[in-house]
Structures are given as C-alpha cells and as structure tokens.
Amino acid sequence: MVQGDYEQFEKAILALTKIDLTAYKEKQMRRRIDTLIERNKFKDYPTYADGLKKDSKLFDEFVNYITINVSEFYRNTDQWELMDKTFIPELKKKFGDNLKIWSAACSTGDEPYSLVMALSRHLPMNKIKIFATDLDKTVIGKAKVGLYSAKSVAGVPNDLKEKYFEKVGPSFQIKDEIKKKVEFKEHNLLKDTYPTNQDMIVCRNVLIYFTEEAKDEVFRKFCKSLKMGGILFIGSTEQIINYKDIGFERRNSFFYERVK
C-alpha cells in the first residue's frame, strides 16, 4: 500500500480538482489511485499530490483515471427499447416536442448521442437538443471528436448505425448532424448547481461508485431538477431504495417518475 496520510491527500485533491474523494467508496478508489501512483513511481501521497500541482499531463491523467469512463451506445438495449416504445412517446405527449433532456456523467458521449438517435425516431431533428455533462474534460474532448470502436457501437440499431455513422478504418465516426444536437459542459454532480425543469435525466452506472450518502443526495437533486411527471433513467447496476421518500414513483426497474 502507498504510504502517507490518505485523508490529507483527499483534502489536497479537493482543493486542486474540486473532486471530493470522500464521496467515493474508499477501498475501491484508493486501490485505483495507488495503482496510478506506483505506475508513475511516486513514493507516497504527499509527493504525488505535489506532482499533480506541477505537471499538467500528470494532472489530466489522474482526473481521467479516477473518473469512471466505461460507456457504450445503447447499453442494455432492452432498456433503450422500452424508452423508445414507452417513455419518449409519453414525454412527447406530456411536454411537447421541445424536450429538455440532461445526460449526466455522460463520459465519452455514447449516451447523449444515443439519446439524439433515439429521439430522431419521434421528433424532427431541429427540435432535438441534449445537455450533456461530465466531471472529466478529457472524456468531453473525446465525446466532441466522436470516434468510437466497433465494440462501442455494437448495440446501435442497424438502421441508425447506417444513417448516422461513417466507417473510418476499424472505427466509427458519428456524423455532425448528431454531434451538433449535444451541448457538452464540465459538471461535478457532488458540487455544482443542477439544471432545472428537465423532462428527462439520464444518469447510468455512475452512482454505484458513490457512498450511500452521496447517492441519496444526488437522487434528491435529480428529483428537484425534473419537472413534475419527468423521468429519471438510471443504470442496470443501480436502484433507488427510498424512491417514494425522495418523490419518485417507480415505473420500471430503471425508470422513475417525479410525482411530488
């Protein structure tokens, strides 16, 4: 195990990056950080924290490594099919064509771009706009480039893949008409102000890394961020135990509607 005071390191990281490591499960996060420290041949937490202050390349690597960036298009396709058949038509009927949708912790853009494509089956393209945020500016940069592996796009329905991607060697480039429908911005779920009056929020397979207290805080903020009748779409690895207390009705295993 890496030597030094981990609590002091957490404070140094908060001051340096505004990332609150105390909100993550310590054992899991510490193991990831220790691996990074050893890889870069630092002897302890204080010298590594000092290195992060002085070396921008080291700093970017740290932020990119500790934020969780496992993503793919149409992840858990059955859930996206349910959204296509049930929730998008329902939201359109309730709120009209100009839906306000937030893709939170969007990683490399797979999810917000999936949302644009899913919405394109129901709405004119000029009505679609997704607000997408992530803590990590590196993955936002990757999202804006929009180049993905065959594995990342494997779940995209064939008609949408043919329509909205171009093959570039072994990779797939998403077309500009999809890209321009997404506005990307850096955002910290544990610190920053949340957008309001959202018709739908999508945040999937991110909060599993948070403590129970941090999860509860985020779910409550999501609820307040939604319009009454708005939908929260979470990941297959997550659940909201106290959803009634927060103000949600459980519509399906991974879809929750704000009811109060």
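Here the structure is a predicted model, which is why all the values come from computation and not from measurement.
- A distance of 12.0 Å separates CE in M83 from CG in N252, rounded to the nearest 0.5 Å.
- Inter-residue side-chain proximity for N40 and E61 is flagged as met; some heavy-atom pair is nearer than 4.5 Å.
- Here the CZ atom belonging to R220 is positioned 10.5 Å from the CD1 atom belonging to I240, to the nearest 0.5 angstrom.
- By the rule that hydrophobic residues join a cluster once side-chain heavy atoms approach within less than 4.5 Å of another member, L147 and F184 end up as members of separate clusters.
- Q3 is not listed as a side-chain neighbour of T47, based on a closest heavy-atom distance of 4.5 Å or more.
- With respect to the salt-bridge test (charged N to carboxylate O, under 4.0 angstrom), the residues D110 and R204 do not qualify.
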| field | Working for side-chain contact (heavy atoms from CB on, under 4.5 Å), residues R30 and D34 | value | CA-CA 6 Å; R30 194 166 176 172; D34 286 0; 4.0 Å; yes

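- Note on V206: it does not cluster hydrophobically with I241, by side-chain heavy-atom contacts below 4.5 Å among ILVMFWY residues.
- One finds no salt bridge joining E90 and K93 here, because no Lys/Arg side-chain nitrogen approaches an Asp/Glu carboxylate oxygen to under 4.0 Å.
- Under the 4.5 Å side-chain criterion, counting only non-hydrogen atoms from C-beta, V63 is not in contact with K137.
- Partner Y148 forms a ring-ring contact (aromatic ring centres under 6.0 Å, His included) with one of Y164, F73, F172, Y74 and no other, that one being F73.
- Note on Y209: it does not cluster hydrophobically with L14, by side-chain heavy-atom contacts below 4.5 Å among ILVMFWY residues.
- With hydrogens and angles disregarded, no donor-acceptor distance shorter than 3.5 Å links the side chain of D55 to the backbone of G51.
- To the nearest 0.5 angstrom, T108 atom OG1 is 10.0 Å from E72 atom CD.
- No side-chain heavy atom of R251 sits under 4.5 Å from any side-chain heavy atom of V259.
- Closest of all the heavy-atom pairs between C106 and D134 is N-OD2, 3.3 Å.
- Without hydrogens or angle criteria, H187 side chain to T193 main chain gives a donor-acceptor distance under 3.5 Å.
- Listed here is the closest heavy atom pair of D84 and P89: O-CD, 3.3 Å.
- When the shell of 6.0 Å around NZ of K57 is examined, it contains 12 or fewer heavy atoms from other residues, nucleotides or ligands.
- Contact record, L21 with M29: CD2-CG, 4.0 Å, taken as the closest heavy-atom pair.
- Scanning all heavy atoms of the two residues, the minimum distance from K25 to T211 falls at N-CG2, 4.4 Å.
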| request: Apply the test side-chain contact (heavy atoms from CB on, under 4.5 Å) to residues L52 and I13: give CA-CA distance (whole Å), side-chain angles for both, the deciding distance (0.1 Å), then the verdict. | output: CA-CA 9 Å; L52 293 175; I13 293 304; 3.6 Å; yes

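- Between I101 and L119 there is a side-chain heavy-atom pair separated by less than 4.5 Å.
- Under a 3.5 Å cut-off, the side chain of Q198 and the backbone N or O of T196 do form a donor-acceptor pair.
- Enclosure of atom CD in E249 by more than 12 non-hydrogen atoms of other residues, nucleotides or ligands within 6.0 angstrom is indicated.
- Every pair passing side-chain hydrogen bond (donor to acceptor under 3.5 Å, both in side chains) that includes a residue from residues 223-238 is listed here, sequence neighbours excluded: N76-S236, D199-K227, N205-T237.
- Both V168 and V145 are assigned to one and the same hydrophobic cluster, defined by single-linkage of ILVMFWY side chains at heavy-atom distances under 4.5 Å.
- Nearest approach of I130 to S103, heavy atoms of both residues: CG2-CB, 4.2 Å.
- Using a 4.5 Å heavy-atom cutoff, the side chains of I246 and F222 are not in contact.
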| field | CA sep, side-chain torsions, deciding dist, call: F42, D50, side-chain contact (heavy atoms from CB on, under 4.5 Å) | value | CA-CA 10 Å; F42 284 88; D50 195 46; over 6 Å; no

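- If you take CZ on R31 and CD on E26, they are separated by 12.0 Å, rounding to the nearest 0.5 Å.
- Of the residues K94, E257, R258, the one that meets the side-chain contact (heavy atoms from CB on, under 4.5 Å) test with M228 is R258.
- In this pair, F9 and Y45 present their aromatic rings tilted. The plane angle is within the 30 to 60° band.
- Screening P112, C203, P195 for a side-chain contact (heavy atoms from CB on, under 4.5 Å) involving W102 leaves a single residue, P195.
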| request: Output, in order, the C-alpha distance, side-chain angles, deciding distance and verdict of ring-ring contact (aromatic ring centres under 6.0 Å, His included) for F233 and W80. | output: CA-CA 10 Å; F233 179 20; W80 285 87; 5.7 Å; yes

| request: Run the numbers on K181 and Y113 for side-chain contact (heavy atoms from CB on, under 4.5 Å), then give the verdict. | output: CA-CA 8 Å; K181 296 298 166 185; Y113 291 145; over 6 Å; no

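- Here the CD atom belonging to Q239 is positioned 9.0 Å from the CZ atom belonging to F254, to the nearest 0.5 angstrom.
- Side-chain contact between D216 and N242 is present, with heavy atoms from C-beta onward closer than 4.5 Å.
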| task | Output, in order, the C-alpha distance, side-chain angles, deciding distance and verdict of salt bridge (Lys or Arg N to Asp or Glu O under 4.0 Å) for K11 and D5. | result | CA-CA 10 Å; K11 290 175 184 174; D5 186 335; over 6 Å; no

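- Using a 4.0 Å cut-off between charged side-chain N and carboxylate O, K221 and E217 make a salt bridge.
- In this structure, the separation between OG1 on T22 and CZ on F210 is 11.0 Å, given to the nearest 0.5 Å.
- Shown here for F165 and K175, the closest heavy-atom pair between the two residues is O-CE, 4.0 Å.
- Contact of the I140 side chain with the K144 side chain is registered, since non-hydrogen atoms from C-beta on lie closer than 4.5 Å.
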